[in-house]
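Computed from a predicted model, the values in this text were never measured in an experiment.
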Amino acid sequence: MWWLVAIAVLLLIGFIPLSLRLRYDEQGFCMWLQILPFRLSLVPGAKKKKKKTAKGAKKTATDGKSQKKGGKLAAFLPYVENVLEFLAELPRRLTVRKLEATLILANSDPCDLAVNYGRIWAALGNLMPRLESMFRIRKREMQVECDFMSEETKVFFTMDIALTVGRLLSMIVFHGSRILRKYITIMNKEREESNHE
């Protein structure tokens, strides 16, 4: 009878809920697993550098509020392309608890920025049906902002995917090697670009 107990335990473990969380900001791409109260980092982002502040400096009105600082759009696009290509091949849709994306457009010319602003919203309108065919999205927040002072368009992205241990293990078994190859390819491209700068 012990083998029945073992099978029952394995089945229970397979149904343990967890979260796969992805984030892209000024620190780069990071991904981690949230298993009950435990957090396991899968792809660590860059470490934040502490900025020294002058003594006696006055606090601004934005102090205490979390400001979303995006990362470079050019570095983010390879992740999006590969993730969407991978998810399109999954037999069942994943459930996304929260999808949040903020695109910060940069251009010193107000006319060009206005044109690009309209084009981006049109592109998002075409992208959402594709995302909804891959995910069951419970909550989403998509924003497009304009920054006349910045020199490069940036993006902030975060996604919280609901999984079970069994579903995650099946993804690793059937797609783990391909995911690793794609990730290594992206990292090599980023190193090459950073060396050229």
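Annotation for Ser150 and Ala106: closest pair O-CB, 3.5 Å, computed over non-hydrogen atoms. Heavy-atom minimum distance, Val144 versus Tyr117: O-CE1, 3.4 Å. The shortest heavy-atom contact between Ser41 and Trp32 is CA-CB, 3.8 Å. Between Asn126 and Pro129, the closest heavy-atom pair is O-CD, 3.4 Å. Closest non-hydrogen pair, Ser170 versus Arg167, comes out as OG-O, 2.7 Å.
With a 4.5 Å cut-off on side-chain heavy atoms, Leu113 and Phe148 count as touching. Leu33 is listed as a side-chain neighbour of Leu42, based on a closest heavy-atom distance under 4.5 Å. Contact annotation: the side chain of Met31 never approaches that of Met159 to less than 4.5 Å [non-hydrogen atoms, C-beta and beyond]. Side-chain contact check for Glu100 versus Gln143: every heavy-atom pair is 4.5 Å or farther apart.
Dense packing is recorded around CZ of Arg21, with more than 12 heavy atoms of other residues, nucleotides or ligands lying under 6.0 Å away.
Leu124 and Val115 end up in different hydrophobic clusters when Ile, Leu, Val, Met, Phe, Trp and Tyr side chains are linked at under 4.5 Å. Under the 4.5 Å side-chain heavy-atom criterion for ILVMFWY residues, no single connected hydrophobic cluster contains both Ile35 and Leu12. The hydrophobic clustering, which links ILVMFWY residues whose side-chain heavy atoms are closer than 4.5 Å, places Phe38 and Ile161 apart.
One N or O on the side chain of Tyr24 and one on the backbone of Lys72 form a donor-acceptor pair closer than 3.5 Å.
Separating the CG atom in Leu94 from the CG atom in Leu20 is a distance of 8.5 Å, to the nearest 0.5 Å. Once rounded to the nearest 0.5 Å, the distance linking OG1 of Thr153 with CD1 of Ile120 reads 7.5 Å. A distance of 10.5 Å separates CZ of Phe135 from OG1 of Thr95, quoted to the nearest 0.5 Å. Rounded to the nearest 0.5 angstrom, Gln34 CD and Leu163 CG are separated by 13.0 Å. Leu103 CG to Leu73 CG: the interatomic distance, rounded to the nearest 0.5 Å, is 6.0 Å. Between the NZ atom of Lys154 and the CZ atom of Phe76 there is a distance of 15.0 Å, given to the nearest 0.5 Å.
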Working for side-chain contact (heavy atoms from CB on, under 4.5 Å), residues Leu168 and Leu18: CA-CA 9 Å; Leu168 178 63; Leu18 51 83; 4.3 Å; yes
Would Thr102 and Val155 satisfy side-chain contact (heavy atoms from CB on, under 4.5 Å), going step by step from the backbone distance to the final call? CA-CA 6 Å; Thr102 301; Val155 61; over 6 Å; no
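Remark: Glu145 pairs with no residue by the side-chain hydrogen bond (donor to acceptor under 3.5 Å, both in side chains) rule, at least two apart or across chains.
Under the salt bridge (charged side-chain N to carboxylate O under 4.0 Å, His left out) rule, Asp160 has a single partner from Arg138, Lys98, Arg23, Arg97, which is Arg97.
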